[in-house]
**Student:** 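Mind looking over this structure? Questions follow.
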Number of protein chains: 2
Amino acid sequence: MIYPEKRPKLYNCDTCLFKIISCQYINSEEFKKLQDSSIQLRFKKGEAILKQGANASYLVFLQKGIVKFNLEDEMGKNLILTITKSPSLLGSANIFYEGINIFSVYAVEDCEGCLIDIPMLKQIALLNTDFLMKLLELVSGMFKTSVFNFISLAHKQVNGRIADVIIYLSTSVYQSLSFTLSLSRKELSEFAGCSTENVIHTLSRFHKEGILSVEGKKIEIHDFERLQKISKFG
Amino acid sequence: MIYPEKRPKLYNCDTCLFKIISCQYINSEEFKKLQDSSIQLRFKKGEAILKQGANASYLVFLQKGIVKFNLEDEMGKNLILTITKSPSLLGSANIFYEGINIFSVYAVEDCEGCLIDIPMLKQIALLNTDFLMKLLELVSGMFKTSVFNFISLAHKQVNGRIADVIIYLSTSVYQSLSFTLSLSRKELSEFAGCSTENVIHTLSRFHKEGILSVEGKKIEIHDFERLQKISKFG
DNA sequence: ATAAAAAGATGAAATAATGCATGTTTGTTG
DNA sequence: CAACAAACATGCATTATTTCATCTTTTTAT
């Protein structure tokens with residue numbers, strides 16, 4: 001067994017965004033405490049980073065990679081709440097709601113991150129209310145994002161929902177008009193709330209109409225404005 | 001004009017649940033400050049209590065009545081996020097996210113409530129971290145509720161979604177198997193994410209099948225288990 | 001009290017979405 | 001490298017949902 005202090009670091013904490021932000025609010029001694037109770041880990045594609053139903057005793061600061069927030073319902077069907085790329089704090093809603101995770105987080109490509117002990121974080125945050133408020137901003141930010149996702153599901157047809165998914169992936173995850181999906185068609189369908197076939201049909205229709213080109217996992221958006229129109233009116 | 005201190009009280013603060021809970025965490029002097037910066041108000045059916053897009057400078061503790069959380073999208077369509085009855089703290093997500101309201105709250109029947117000044121609440125909460133944590137529980141509780149709503153919209157057909165709406169209203173709002181709706185069919189459709197006609201069709205089908213009886217605004221559930229089955233498999 | 005407007009109800013036609021059958025491609029494993 | 005499984009693709013029949021037209025009832029305003 002490798003003792004934590006002897007375990008080789010995957011990356012240097014000094015360039016970690018979480019450290020940089022935290023240290024605007026807490027002193028280095030406090031951050032040291034936080035760091036000592038944290039563990040760096042690698043996650044392979046498909047691995048669970050947080051598990052729905054499990055005890056929420058830590059958060060994860062995602063240093064590298066892309067993850068999906070997955071909700072498994074009573075019928076065994078999956079719903080993807082959102083897709084997020086690093087850097088990002090995963091499970092932040094659990095800071096204040098000690099209990100069990102209400103969703104899972106899975107790596108959709110190889111990831112690196114750091115497990116942060118919630119009791120320790122809480123202890124430090126309670127002594128530094130500015131820091132606490134900063135953390136709270138993250139929680140409500142996530143709530144806000146999921147609300148917009150909500151609108152898409154409730155009011156748009158599959159056309160519009162898939163346009164929304166493509167727009168979201170392009171602008172917020174891959175940050176390019178041309179990208180290679182790390183998600184399967186099935187996962188896209190779990191994100192858009194429709195059948196797998198419908199995703200495939202819709203994407204190939206978009207392809208035929210010259211809005212984008214699809215070749216396996218590679219997507220290239222040709223007409224972003226048209227996609228926005230479909231999102232709005234579809 | 002009636003000066004605030006001369007304005008007749010609609011109800012006595014000493015029996016207010018918000019006071020009772022708050023005073024478990026803060027002292028009476030602090031609560032006095034909170035009370036002095038608050039205003040009791042009556043809201044008629046249909047009136048806005050919080051307005052989407054407006055500045056979020058206060059929360060509302062709902063003392064009496066039922067409200068809907070309404071989201072208006074860019075196309076002017078409404079989506080009802082949830083329906084809540086008193087007692088309940090409205091807009092709690094805004095405590096920590098100062099900015100504009102991301103949804104509106106409307107009275108669906110005559111309501112009474114108390115506007116609570118956010119800056120004052122925040123000031124006091126920061127000095128009493130137990131109180132702060134209690135408030136945070138409310139925020140994450142609301143997030144959790146909306147997630148389950150999400151699943152219903154994403155994975156169920158109209159049958160199941162309407163069963164969900166009826167179950168929710170029966171168990172969480174009216175707390176009886178027989179109740180008189182304070183919502184129109186249009187509002188039900190905005191809650192279930194479908195067309196108004198579909199709500200009417202589905203309800204009358206449920207009626208024909210003996211699951212419940214509908215007579216205008218009066219609904220009586222006869223076979224709750226069957227409704228749960230439809231929710232699960234529909 | 002009456003007219004006008006809004007809400008509720010119903011059925012039928014048009015559109016959208018799913019589920020199935022079938023075939024192809026891609027990736028994995030012995 | 002062959003065999004198998006998983007993912008992707010396509011068309012079609014079935015089912016679900018919306019939209020529209022029409023009518024009745026309830027509510028609101030004058």
Side-chain angles (χ1 to χ4, degrees), chain A residues 44-46 68 75 77-80 108-110 152-166 180-209 212-219 230-231 233-234, chain B residues 44-47 68 75 77-80 106 108-110 152-166 180-209 212-219 230-231 233-234:
Chain A
K44 285 220 183 71
K45 176 174 177 151
K68 63 173 175 181
M75 297 297 289
K77 281 187 194 171
N78 289 317
L79 173 62
I80 294 182
V108 298
E109 54 179 48
D110 291 356
S152 182
L153 278 170
H155 277 322
K156 294 178 187 177
Q157 311 201 162
V158 170
N159 261 346
R161 300 211 293 268
I162 291 183
D164 278 344
V165 166
I166 300 296
T180 303
L181 281 173
S182 18
L183 300 156
S184 69
R185 303 292 193 268
K186 184 160 179 293
E187 284 171 316
L188 291 181
S189 80
E190 287 167 353
F191 196 12
C194 65
S195 68
T196 312
E197 289 91 335
N198 214 336
V199 169
I200 295 169
H201 283 150
T202 307
L203 283 180
S204 64
R205 188 152 14 93
F206 285 176
H207 184 117
K208 267 175 211 152
E209 291 171 8
L212 44 73
S213 63
V214 201
E215 225 187 290
K217 299 277 192 190
K218 215 174 144 15
I219 291 186
I230 295 171
S231 157
F233 298 103
Chain B
K44 286 221 181 71
K45 175 172 178 153
E47 252 184 287
K68 63 173 175 179
M75 297 298 288
K77 281 187 193 171
N78 290 317
L79 172 63
I80 294 182
Y106 289 96
V108 298
E109 54 179 49
D110 291 354
S152 182
L153 279 171
H155 278 322
K156 294 178 186 175
Q157 311 202 161
V158 171
N159 259 348
R161 301 212 292 269
I162 291 185
D164 278 344
V165 166
I166 299 296
T180 303
L181 280 174
S182 19
L183 300 157
S184 69
R185 303 293 193 266
K186 184 159 178 294
E187 285 172 315
L188 292 181
S189 80
E190 288 166 353
F191 196 12
C194 64
S195 69
T196 311
E197 290 91 337
N198 213 337
V199 169
I200 295 169
H201 283 149
T202 306
L203 283 179
S204 65
R205 188 153 14 95
F206 284 176
H207 185 118
K208 267 175 210 150
E209 290 172 8
L212 43 74
S213 62
V214 201
E215 225 185 289
K217 299 277 192 189
K218 217 176 142 14
I219 291 186
I230 295 171
S231 156
F233 299 101

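Just so we're on the same page: letters track the sequence lines, and every chain starts at 1.
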**Student:** Output the rounded distance in Å from CD1 (Ile200(A)) to C1' (dA7(D)).
**Tutor:**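 In whole Å, dA7(D) C1' and Ile200(A) CD1 are 8 Å from each other.
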**Student:** Who passes side-chain hydrogen bond (donor to acceptor under 3.5 Å, both in side chains) against Lys45(A), sequence neighbours left out?
**Tutor:**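 Counting only residues at least two positions away or on another chain, Lys45(A) forms no side-chain hydrogen bond (donor to acceptor under 3.5 Å, both in side chains).
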**Student:** Can you sort out the partners of Asn198(B) under side-chain contact (heavy atoms from CB on, under 4.5 Å), two or more places apart, ordered by chain and number?
**Tutor:** Val158(B), Cys194(B), Ser195(B), Thr202(B)
**Student:** Any heavy-atom pair between the side chains of Asn159(A) and Phe206(A) that's under 4.5 Å?
**Tutor:** yes
**Student:** Over how many whole Å does the gap from Lys218(A) atom NZ to dC8(D) atom P extend?
**Tutor:**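 Value for this atom pair: 16 Å.
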**Student:** Does Ala154(B) have any side-chain contact (heavy atoms from CB on, under 4.5 Å) partners at least two apart in sequence or in another chain, and if so, which?
**Tutor:**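 Testing Ala154(B) for side-chain contact (heavy atoms from CB on, under 4.5 Å), a comparison that skips the adjacent residues, returns Leu79(A), Leu153(A).
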**Student:** Considering residues at least two apart in sequence or located in another chain, which fulfil the side-chain contact (heavy atoms from CB on, under 4.5 Å) criterion with Lys217(B)?
**Tutor:** Thr180(B), Leu181(B), Ser184(B)
**Student:** Is the backbone of Asn78(B) close enough, under 3.5 Å, to the side chain of His155(A) for a donor and an acceptor to pair up by distance?
**Tutor:**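 The answer is yes, because a donor-acceptor pair under 3.5 Å joins these two groups.
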**Student:** Tell me which pairs pass salt bridge (charged side-chain N to carboxylate O under 4.0 Å, His left out) where either residue lies in residues 197-207 of chain A, with sequence neighbours left out.
**Tutor:**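 Qualifying pairs: none.
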**Student:** According to side-chain hydrogen bond (donor to acceptor under 3.5 Å, both in side chains), who are the partners of Ser152(A), at least two apart in sequence or on a separate chain?
**Tutor:**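 Testing Ser152(A) for side-chain hydrogen bond (donor to acceptor under 3.5 Å, both in side chains), a comparison that skips the adjacent residues, returns Asp164(A).
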**Student:** So, using salt bridge (charged side-chain N to carboxylate O under 4.0 Å, His left out) as the criterion, who are the partners of Glu209(B) when residues are at least two apart?
**Tutor:**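 Arg226(B).
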**Student:** At how many degrees, to 10°, do the end axes of the helix from dA1(C)-dT30(D) to dG30(C)-dC1(D) meet when each uses five pairs?
**Tutor:** 50°
**Student:** So Ser204(A), base contact, sugar-phosphate only, or nothing? Heavy-atom distance under 4.0 Å.
**Tutor:**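 Here Ser204(A) touches the backbone only, sparing every base.
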**Student:** At under 4.0 Å between heavy atoms, how does the protein contact nucleotides 24-30 of chain D? Give one character per nucleotide, 5' to 3', with B, S or -.
**Tutor:** -------
**Student:** What are the two closest non-hydrogen atoms of Glu187(B) and Lys68(B), and how far apart are they?
**Tutor:** OE2-NZ, 2.8 Å
**Student:** Could you tell me the boundaries of the chain B footprint on DNA chain C, defined by atoms under 4.0 Å from its heavy atoms?
**Tutor:** dG8(C) to dG11(C)
**Student:** Tell me, do Leu203(B) and Ile162(B) make a side-chain contact under 4.5 Å, heavy atoms counted?
**Tutor:**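 Yes; the side chains approach each other to less than 4.5 Å.
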**Student:** Report the distance from atom NZ of Lys186(A) to atom P of dA6(D), rounded to the nearest whole Å.
**Tutor:** 12 Å
**Student:** Classify every nucleotide of nucleotides 11-20 of chain D by which part a protein heavy atom approaches to under 4.0 Å, writing B for the base, S for the sugar-phosphate alone and - for neither, in 5'-to-3' order.
**Tutor:** B----SSSBB
**Student:** Under the side-chain contact (heavy atoms from CB on, under 4.5 Å) rule, collect the residues that match up with Thr196(A), sequence neighbours excluded.
**Tutor:** Arg185(A), Lys186(A), Ser189(A), Ile200(A)
**Student:** Expressed in angstrom and rounded to an integer, what is the separation of Glu187(A) atom CD from dA6(D) atom P?
**Tutor:**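 It works out to 15 Å between those atoms.
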**Student:** Do you know the tightest heavy-atom contact between Glu109(A) and Ser182(A)?
**Tutor:**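 Answer, listing the atom of Glu109(A) first, then Ser182(A): OE1-OG, 3.5 Å.
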